[in-house]
2 protein chains.
Amino acid sequence: MNTTEISESPSRQRRKEARPAELMAAALELFVERGFTATKLDDVAARAGVSKGTLYLYFASKEELFKAVIQQGILPVLDQGEEMLSQFQGDAGALLEAMLLRWWEMVGSTHLAGITKLMISEAGNFPEVAQFYYENVIVRGRGLIRTVLERGIASKQFREMDVETAIDVILAPQMMFTIWRHSLGPCDCGKQDPEAYLKTHMNLLLNGLLTGEKKK
Amino acid sequence: MNTTEISESPSRQRRKEARPAELMAAALELFVERGFTATKLDDVAARAGVSKGTLYLYFASKEELFKAVIQQGILPVLDQGEEMLSQFQGDAGALLEAMLLRWWEMVGSTHLAGITKLMISEAGNFPEVAQFYYENVIVRGRGLIRTVLERGIASKQFREMDVETAIDVILAPQMMFTIWRHSLGPCDCGKQDPEAYLKTHMNLLLNGLLTGEKKK
DNA sequence: TACATTACTGACCAGTCAGTCAGTAAAAAC
DNA sequence: GTTTTTACTGACTGACTGGTCAGTAATGTA
């Protein structure tokens, strides 16, 4: 009743290199849609265009597949974020906006965005993966924003503030927006477009963060 | 290996009135911890101190139990919020803070907080329940904040703003904080206490919302 | 004490799905 | 063309779990 299929590819193909990435992509989609336990490996394999047996050639178990989806998917984004931070020339406000936009392009608007919801849903069932995610995604991600804020405070562009809470206030709307699209989003189709949302969000934020006279 | 037990109550008891609430409470806890599919009805029954057969005396199916947990749990809170809004005397800033604090007392600090995470995780698998939750919780909840903001704008305490986005910016950190406690929370035990967090959050917010000179 | 009612139990059944492995066919080696 | 290698398949199995129901015991009634 619920089985996903591709129903193409008349004959069997041998593509050892491409399989793992294709399987992880299929798994990510289904894990995000249905959750880990509710996702059947037959469906993952079918969506990737192979049989379940093939899946087991590349991943030792369902849990290993889950770990691979989380780890392989998100780490490159953090690397790139840290790279960007070290390169950027310009004031802290522009940097903050650039980073959030970049995040939207690389994660928010792609399938990777679902990892946020997936990790939140499944953290309780996979404490070790949750620990990994916390140390390698949450801590590093917050570190990026912390650096921007501290740079802005040092240059007097931002006022003094409780930096850790400010990080929450900056990130939470982004996270919620992302989570929304993969959960209750389908219930309200009249949601505005992401870039406009981000601009308005930034405007509201900066007017709470900037030291000088309020702008706009 | 994973079965939850109570291992008390030597003899069988007959308590028709109390069973449904006890079963829903047990179900909420386990659904939040493990997700809907990963939760076994044997475990729910065991945690409520009854056998699985008893569960089926009060709920027609696992899905009906899920619906009951969501619907019975959260609706009274919205009623009370609307009641409070209509009674409150005072400026909009104080009202906003009072409402967020109230929400923390009634939901955030209780087991009900888990419903947020649960609904986000399972929305994809239960579109009808998601629709119900959207219309009866999300829409009504946002309506509460919208009223407060509009009252503040009318009285010139708050500046002109994009109200819908402002609602997101206000609610998102609260939601994320709640979700956090039921997902990755155990990974960072050094999290600050909720009331201090709420105060700091409000301070950051108001300085972006208020029309006059910045306070503090 | 005898009988009736019903909340409750837990063994059971039927369906599901993670994981296996003997077999197949595509590519490579000769 | 023949043989070898190996990526891939899908029928199968065993464990698990949602849902059932004949039976049990607590409570009420006389």
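Just so it is clear, the values below take in all heavy atoms, side chains as well, and ignore hydrogens, waters and symmetry mates. Every chain is numbered from 1 and lettered A, B, ... according to where its sequence line falls, protein lines coming before strand lines. These numbers come from a predicted model, not from an experiment.
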To the nearest angstrom, the CG-P distance between Leu23(B) and dT9(C) comes to 10 Å
Atom-to-atom span, CD of Glu17(A) to P of dC8(D) - whole angstrom
9 Å
NA contact type, Phe59(A), heavy-atom cut-off 4.0 Å: base, sugar-phosphate, or nothing?
nothing
Using whole Å, report how far CG of Asp42(B) lies from C1' of dG10(C).
9 Å
Write down the distance between CG (Leu55(B)) and P (dA7(C)), rounded to a whole number of angstrom.
15 Å
Under 3.5 Å donor-acceptor, Asn136(A) side chain and Phe132(A) backbone:
yes
With the threshold set at 4.0 Å, does a side-chain nitrogen-carboxylate oxygen contact exist between Arg47(A) and Asp42(A)?
no
Counting only side-chain N and O atoms of Tyr56(B), is one of them less than 4.0 Å from OP1 or OP2 of dC21(D)?
no
Rounded to the nearest 0.5 Å, what's the gap from CG on Leu144(B) to CE on Met84(B)? Could you check?
10.0 Å
Nearest to the side chain of Leu41(B), heavy atoms from C-beta on, is which of dT9(C), dT9(D), dG18(D)?
dG18(D)
Here's a test of your reading of the structure: between Ala38(B) and Arg14(B), which maps to the more 5' nucleotide of DNA chain D?
Ala38(B)
Determine whether the side chains of Gln174(A) and His201(A) contain a donor N or O and an acceptor N or O closer than 3.5 Å.
yes
Under 4.0 Å between a side-chain N/O of Arg15(A) and OP1 or OP2 of dC8(D), yes or no?
no
State whether Thr54(A) places a side-chain N or O below 4.0 Å from either non-bridging phosphate oxygen (OP1 or OP2) of dT9(D).
yes
May I have the distance from Lys52(A) (atom NZ) to dA18(C) (atom C1'), rounded to whole angstrom?
6 Å
What's the CG-P distance between Leu57(B) and dG19(D), to the nearest Å?
14 Å
Would you check if the distance from the ring center of Tyr197(A) to the ring center of Trp104(A) is below 6.0 Å?
no
Between C1' on dT9(C) and NZ on Lys16(B), what's the gap in Å once rounded to a whole number?
17 Å
Arg12(A) side-chain proximity, nearest of dT9(C), dC8(D), dG19(D):
dC8(D)
Quick one: Leu30(B) CG to dT17(D) P, roughly how many Å, whole number?
13 Å
